[in-house]
Amino acid sequence: MIMGSTGSIGTQTLAVCRQDPEELMVTGLAAGGNLPLLEEQIREFHPVLACISDREDAAELCRRLLESGFAARFNGENDTSIAASGTVTILWGMDGLLAMAAYPAYDIFVGAIVGMIGIRPTIAAIRAGKDIALANKETLVCAGQIILPLVKSCGVHLYPVDSEHSAIFQCLQGAVLPDGTRNPVDHILLTASGGPFRNKTKEELATVQLEDALKHPNWSMGRKITVDSSTLVNKGLEVMEARWLFDVPYDRISVVIQPESVIHSMVLFEDGAVIAQLGAADMRIPIQYALLYPKRKNLGAKRLDFASLKEIHFDLPDPERFPALELAYEAGKAGGAMPTIYNAANEFAVSRFLHRQADWSSIAESIALAMKHIPNTEAATVDEILRIQQQTYDYLRAAR
Ligand code: NDP
């Protein structure tokens, strides 16, 4: 079940499925607004369910499919009990996503929607007893306190898709002791490319443009995460994600700049040994590891070529030029609603930057402002988290 099938992670997940159709059958595809691509994906992968944000788009999608003789049905009800293979049942909106997530006949849920919209479908899938392959880091950052206990009580597996967290997950495979406990972790060393602005001075950063921020040196990703990489917000979100996934306190999670994106992350153990995971910068590798775990297969992902690589460099992040990383540690340590305030402020500011309504440096400034002025709460429920998200948007809109 792929949520966000038309995005960067979604299309790469489908590329993996295309390579291994025997093992990876697609049950459902969900998109936001990209109707043409969703239609194309439905024709190729023949899912039982498909979902799109807008009701009119759902009706239009059904009409287009039927016109060409493709078996499809849409009645606007988001009722999956009538779904059957051979006909795609079209759903719409958040209710559609929730119905898809709770659909009984599938094994693994791929969370590849961007933003906090992914929280509720992920929870619905966990409650339905599904294993989760999670790319949508905002879900863990804002609702880790709800998701992790739920994963445990529902007895499902949570597999990281983010390349760094997949790397840490793989490094920790060697840490399990015969009695099932884990060798203590001294530090998680989360690697970062440093983004496109790694070598820019503070003065140069004041004038960077949207086009510059969208040019990631190593990875091809969606627009929002590409901007997040340029501010190091992405790394900040990953620090919080790592805290939840691996149950390691913040003072044992460090960020190391590794500009070639060859080492995807490392774990330092108590005896001083460091285990690292390396590979080409190809998201299909962590995606297929999450989908096929613990199996590994050659599904055509890129290979690392050490001969042409020759060197690997290391550096530390500069908190003065990239303050958003320190703010993430602050938000994570404060806990409760503060990670949501951090994330929502970033979503708000990045959206303005993407629409050329604000400059790049306003992103970290907006996060700092929201964290300073919006009171922290426990954020124990999804409703509360979504209320804080809205409160943060409203605050920043009024503060402009
Ligand atoms: P993209 O922007 O490329 O894709 C986002 C996807 O979410 C699209 O399919 C989009 O649909 C869908 N979507 C947006 N809003 C809705 C909605 N309301 N209902 C249903 N679907 C919706 O993002 P990425 O693939 O880059 O990132 C996805 C997530 O994975 C993010 O949380 C990101 O941080 C994380 N991630 C991404 C990595 C990458 O390499 N790209 C690496 C690690 C993590 P549509 O296009 O049809 O509107």
Side-chain angles (χ1 to χ4, degrees), residues 1-16 28-42 49-55 57-58 61 78 90-101 110-122 132-143 159-168 190-193 195 214 216 218-229 231 233-238 240-242 245 261 264-265 280-287 289-290 301 343 346-347 350-351 354 386:
M1 194 67 78
I2 307 174
M3 303 274 158
S5 65
T6 47
S8 163
I9 292 290
T11 50
Q12 293 180 86
T13 304
L14 286 171
V16 171
L29 297 168
N34 193 341
L35 191 156
L37 183 54
L38 179 62
E39 182 186 350
E40 212 179 284
Q41 293 175 342
I42 293 170
L49 302 172
C51 183
I52 193 153
S53 287
D54 184 69
R55 194 182 200 280
D57 280 349
L61 179 61
N78 287 326
I90 316 265
L91 314 170
W92 68 282
M94 176 53 79
D95 283 349
L97 293 178
L98 296 176
M100 258 180 103
V110 179
I113 288 182
V114 62
M116 290 171 66
I117 194 134
I119 296 175
R120 292 179 61 206
T122 307
I132 308 291
L134 195 63
N136 173 226
K137 58 192 83 185
E138 297 90 343
T139 284
L140 271 190
V141 166
C142 303
Y159 300 116
V161 166
D162 224 338
S163 58
E164 292 78 359
H165 303 80
S166 175
I168 297 160
L190 205 61
T191 53
S193 69
L214 289 176
H216 195 281
N218 306 333
W219 298 96
S220 163
M221 308 182 285
R223 284 159 66 85
K224 192 248 174 193
I225 184 176
T226 305
V227 174
D228 288 352
S229 296
T231 53
V233 164
N234 183 48
K235 211 45 58 181
L237 297 174
E238 287 179 5
M240 294 190 257
E241 192 184 1
L245 282 172
S261 297
H264 297 308
S265 276
D282 184 343
M283 278 309 296
R284 289 173 299 173
I285 299 172
I287 291 170
Y289 194 64
N343 182 64
N346 180 60
E347 284 188 358
V350 170
S351 167
L354 286 171
L386 298 178

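For ligands, and for the atoms within them, numbers begin at 1 and follow the listed sequence.
For ligand 1, residues of the protein lying within 4.0 angstrom by heavy-atom distance are Gly4, Ser5, Thr6, Gly7, Ser8, Ile9, Ala31, Gly32, Gly33, Asn34, Ser53, Leu97, Ala112, Ile113, Val114, Ile117, Ala135, Asn136, Lys137, Glu138, Asp162, Met221, Gly222, Ile225, Met283.
Ion pairing between a basic and an acidic side chain is recognised when a charged N comes within 4.0 Å of a carboxylate O; Glu138 and Lys224 show such pairing.
With sequence neighbours left out, the ring-ring contact (aromatic ring centres under 6.0 Å, His included) criterion links His165 to no other residue.
Residues Ile225 and Leu237 form no side-chain contact, since every pair of their non-hydrogen atoms from C-beta on lies 4.5 Å or further apart. Ile285 is listed as a side-chain neighbour of Asp282, based on a closest heavy-atom distance under 4.5 Å.
Atom OG1 of Thr191 sits about 8.5 Å away from atom CD of Glu238, to the nearest 0.5 Å. The CE atom of Met221 sits 10.5 Å away from the CD atom of Gln12 when rounded to the nearest 0.5 Å.
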